[in-house]
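Structure first, commentary second.
Since the model is a prediction, treat every value here as computed from it, not as a measurement.
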Amino acid sequence: QVQLVESGGGLVHAGASLRLSCAASGRTFGRYYMGWFRQAPGKEREFVAHITWSGPIKDYGDSVKGRFTISRDNAKNTIYLQMDSLKPEDTAVYYCAAEQSGSRRETAVEYWGQGTKVTVTS
């Protein structure tokens, strides 16, 4: 059974940092783009970032570029999202995602985590 288990969400003030983790299990993700989407209240789900397990490919959504950093630990089958300089508009539920196309489209995602909530107050 494939599982993506997120952790690390919470409530912080603007300007603070958080690190999200996503532990993957249940299959080999060697060909997958692993990453994050987020969904703010009343808004559509938005691509945040992704990374490949086997290569150096990383990509970020425009709203987080320069503030967020995605990384991976292959030995632990875990990816991380370091979020710095957080803003109130970063408030959302963050979902770990796995897909093979690298398209950044929600519809291409094959596996989702349960989500972890991030709240940034001003």
Measure from the ring center of Phe37 to the ring center of Trp112 and say whether it is less than 6.0 Å.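 Yes; Trp112 has its ring centre under 6.0 Å from that of Phe37.
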Listed by chain and number, what are the salt bridge (charged side-chain N to carboxylate O under 4.0 Å, His left out) partners of [X], not counting sequence neighbours?
X     : value
Arg45 : Glu106
Glu89 : none
Lys65 : Asp62

Are the side chains of [X] and [Y] in touch, meaning some heavy atoms are under 4.5 Å apart?
X      : Y     : value
Val109 : Tyr95 : no
Leu86  : Leu18 : yes
Arg72  : Thr78 : no
Thr121 : Val12 : no
Val48  : Tyr60 : no
Ile70  : Tyr80 : no

In the single-linkage hydrophobic clustering (I, L, V, M, F, W, Y; side-chain heavy atoms under 4.5 Å), do Ile79 and Phe68 co-cluster?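 Hydrophobic grouping puts Ile79 with Phe68.
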By side chain to side chain donor-acceptor pair (under 3.5 Å), which residues pair with [X], not counting sequence neighbours?
X      : answer
Gln114 : Glu6
Ser103 : Ser101
Asp84  : Ser17, Gln82
Asp90  : Arg38, Arg67

For Thr107 and Arg105, indicate whether the former's side chain and the latter's backbone hold a donor-acceptor pair under 3.5 Å.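 A pair under 3.5 Å: no.
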Please list all pairs meeting disulfide bond (SG atoms under 2.5 Å apart) that have one or both residues in residues 73-122, counting only residues at least two apart or in different chains.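 Those involving residues 73-122 are Cys22-Cys96.
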Run Leu20 and Met83 through side-chain contact (heavy atoms from CB on, under 4.5 Å) and show every step you take. CA-CA 8 Å; Leu20 305 183; Met83 306 186 295; 3.8 Å; yes
Which residues pass the side-chain contact (heavy atoms from CB on, under 4.5 Å) test with Ala14, sequence neighbours left out?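 For Ala14, the residues satisfying side-chain contact (heavy atoms from CB on, under 4.5 Å) (neighbours in sequence not counted) are Pro88, Val120.
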What donor-acceptor contacts under 3.5 angstrom involve side-chain atoms of residues 26-35, with partners at least two apart or in another chain?
from	atom 1	to	atom 2	distance (Å)
Arg27	NH1	Tyr32	OH	3.2
Arg27	NH1	Tyr111	OH	3.4
Tyr32	OH	Gln100	NE2	3.2
Tyr32	OH	Glu110	OE1	2.8

Transitive ILVMFWY cluster of Val5, excluding itself - 4.5 Å side-chain cut-off: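 Once heavy-atom contacts under 4.5 Å are chained together, Val5 still belongs with nothing else.
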Just grab all the salt bridge (charged side-chain N to carboxylate O under 4.0 Å, His left out) pairs involving residues 113-122, residues at least two apart or on different chains.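 Checked against salt bridge (charged side-chain N to carboxylate O under 4.0 Å, His left out) - neighbours excluded - no pair reaches residues 113-122.
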